[in-house]
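Structure first, commentary second.
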Amino acid sequence: MSASSLDSVGSAPRVSAGLSDTVTALAEGGVTARVLTEQTLERIAAAQPALNAFRVVRTEAALAEADDADRRLAAGERLPLLGVPIAVKDDMDVAGEPTAFGSAGVFPPKHADSEAVRRLRAAGAIIVGKTQTPELGQWPFTEGHAFGDTRNPWNTAYTPGGSSGGSAAAVAAGLVPAALGSDGAGSVRIPSAWTHLVGVKPQRGRISTWPEPESFNGLTVNGVLARTVGDAALLLDAASGPHPGDLHSPPRISAVDATRRGPRRLRVALSFAMAFTATAKSLDPVVRSAVERMAARLESLGHEVVEEDPRYGPIGLTFAPRATGGVRDLAARVPDSSLLDPRTHEAVRTGRILGGVPLRVSRRAEVALQRRVGEIFDRFDVVLTPTTATPPLRIGALAGLGALATDRAMIAACPYAWTWNVLGWPGVNIPAGFTPDGLPLGAQLLGPAHAEPLLLSLAAQVEAAEDWAAKWPEPAGSRGPSQ
């Protein structure tokens, strides 16, 4: 790894080489896992006061894992991520660490890794820490009385989004090359949009949620955040695979292979429609302009783009029973429920009310909704939409609001992502540019079941034309994109 691949984050070097280049450098002896991990830990420590991206930093354990990786590399062992430092969201179990999931209180350490973490370790990754998330992953901002505010590296007055906001901040700032997050209503794609990252919400079950057979009644999946499509694909392949107890086990894919193949000429449906929610919402003109520019980019690459909207129908009625039921179930496991946010208590009450017949009806409706919404894929290959309706929100914009006001505000800001969680289908956020003030914006590529290879192939083609990975935020605390 050459000196030209190093910039600065705080007082520590920022490694701008991607996952695959880092793996190559490790295998060729150009750098050691120990050095990479020490630099990563230095970056985290330097950026933590400004960004607050991490809930848990595994300093001693990560260095021990790095030394072990160096011994294995020296012995000739090769694995997809051997010796590469990676972060995971704090809703995933890491043996020996608590899983607080954004909540206050004293949580016991876990005795075993979650399946996704186990697979990362099997691929050779070093788990340097667990990233911040709002309480039980409920909101598109990463703030809470348990840990403070997680801030956007592009402008620390703004949120990186949520609920995988800590992972997004860590990757966007160059603290780690990639990270795992989870997505129950856009929680990978929203923070990716607001921090200039590639965020992949895969098909339900692609990355196991074990020890949960499914998460949030099937809404939530584990996903990946990275600076490039290739890095996202490499991490997706490493983390993917079923546990015997999973309720959903999609057929295996090779995400990396997909990124190396150019897509055929595609028919793309450009949609600005929002599913019915009985709440006020509108699309910010700067977001619309960014997505229209992305549509023009697709046309310049030879694809046909036509304005057409999916038939969402009553999909909004099925979301609340599943989401609040998930909050209810997780809140029951918190050591001290009196420490929960008042909005969480309200969600728990709603989850109890909707947890019987409404929840069962919502689950049964999924197949019919897949047929209804999926009709668009009889005529189009991909749907292009905004990822969010607004640019990033200011830190504290939703602080102190009641439960209903919070729900309305977050739906207004983020009305585009959650429908694909109900359906269980894949979606990819790609960077779509910046506001005049330098805040990142995103666009979604959405597909039918098992469409990750197509979406990643298209995203890689767009990335080659856009070169978005060349743009970095200034060191933590600064404003605006740098080239």
Side-chain angles (χ1 to χ4, degrees), residues 17-27 33 69 72-73 77-89 92 113-128 164 167 171 176-183 188-189 192 197-210 221-244 246 248-263 424-430 445 447 449-464 469:
L19 285 182
S20 58
D21 289 341
T22 302
V23 170
T24 299
L26 284 161
R72 295 162 70 184
L73 286 162
E77 186 174 356
R78 298 294 181 263
L79 292 169
L81 297 176
L82 185 55
V84 180
I86 297 291
V88 302
K89 184 177 177 179
M92 301 179 191
D113 292 331
S114 65
E115 180 65 14
V117 171
R118 187 196 70 79
R119 287 183 176 271
L120 286 187
R121 289 194 195 277
I126 297 166
I127 311 301
V128 293
S164 303
S167 288
V171 176
V176 290
L180 288 188
S182 59
D183 190 314
V188 162
R189 290 162 289 157
S192 295
L197 298 178
V198 177
V200 181
K201 172 215 174 299
Q203 177 72 25
R204 185 186 298 149
R206 177 77 60 208
I207 301 177
S208 174
T209 55
W210 190 262
V221 303
N222 290 329
V224 301
L225 303 91
R227 291 183 48 76
T228 69
V229 178
D231 284 358
L234 181 55
L235 186 58
L236 178 59
D237 280 345
S240 292
H243 183 278
D246 289 347
H248 310 282
S249 298
R252 186 171 180 79
I253 64 165
S254 173
V256 168
D257 285 350
T259 65
R260 296 170 178 166
R261 298 190 302 266
W425 292 344
V428 177
N429 174 79
I430 56 175
L445 302 174
H450 317 303
E452 294 102 321
L454 176 62
L455 300 178
L456 290 168
S457 176
L458 179 57
Q461 184 186 46
V462 176
E463 179 181 71

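Counting only distance, with no hydrogens or angles, the side chain of R227 and the backbone of L197 share no donor-acceptor pair below 3.5 Å. Looking at S457, its side chain does come within 3.5 Å of a backbone N or O of R261 through a donor-acceptor pair. In this structure, the side chain of E452 engages the main chain of Q203 through a donor-acceptor pair within 3.5 Å. A donor-acceptor pair under 3.5 Å is absent between the side-chain atoms of D237 and the main chain of L234, judged by distance alone.
The shortest distance between side-chain heavy atoms of L236 and R206 falls below 4.5 Å. The side-chain heavy atoms of R72 and L79, taken from C-beta on, include a pair separated by under 4.5 Å. Between L82 and L26 there is no side-chain heavy-atom pair separated by less than 4.5 Å. The shortest side-chain heavy-atom distance between I86 and V128 does not fall under the 4.5 Å cut-off. With contacts defined as side-chain heavy-atom distances shorter than 4.5 Å, the pair V224/L180 qualifies. Between I253 and H450 there is no side-chain heavy-atom pair separated by less than 4.5 Å.
Judged purely by distance below 3.5 Å, without hydrogens or angles, the side chains of K89 and S164 pair a donor atom with an acceptor atom.
In summary, of the residues considered (N429, T228, V188, V428), a side-chain contact (heavy atoms from CB on, under 4.5 Å) with V198 occurs for V428 alone.
Between T259 atom OG1 and D231 atom CG the span is 10.0 Å, to the nearest 0.5 Å. Rounded to the nearest 0.5 Å, atoms OG1 (T209) and CD (E115) are 10.0 Å apart. The CG atom of L120 sits 8.5 Å away from atom CE of M92, with the distance rounded to the nearest 0.5 Å.
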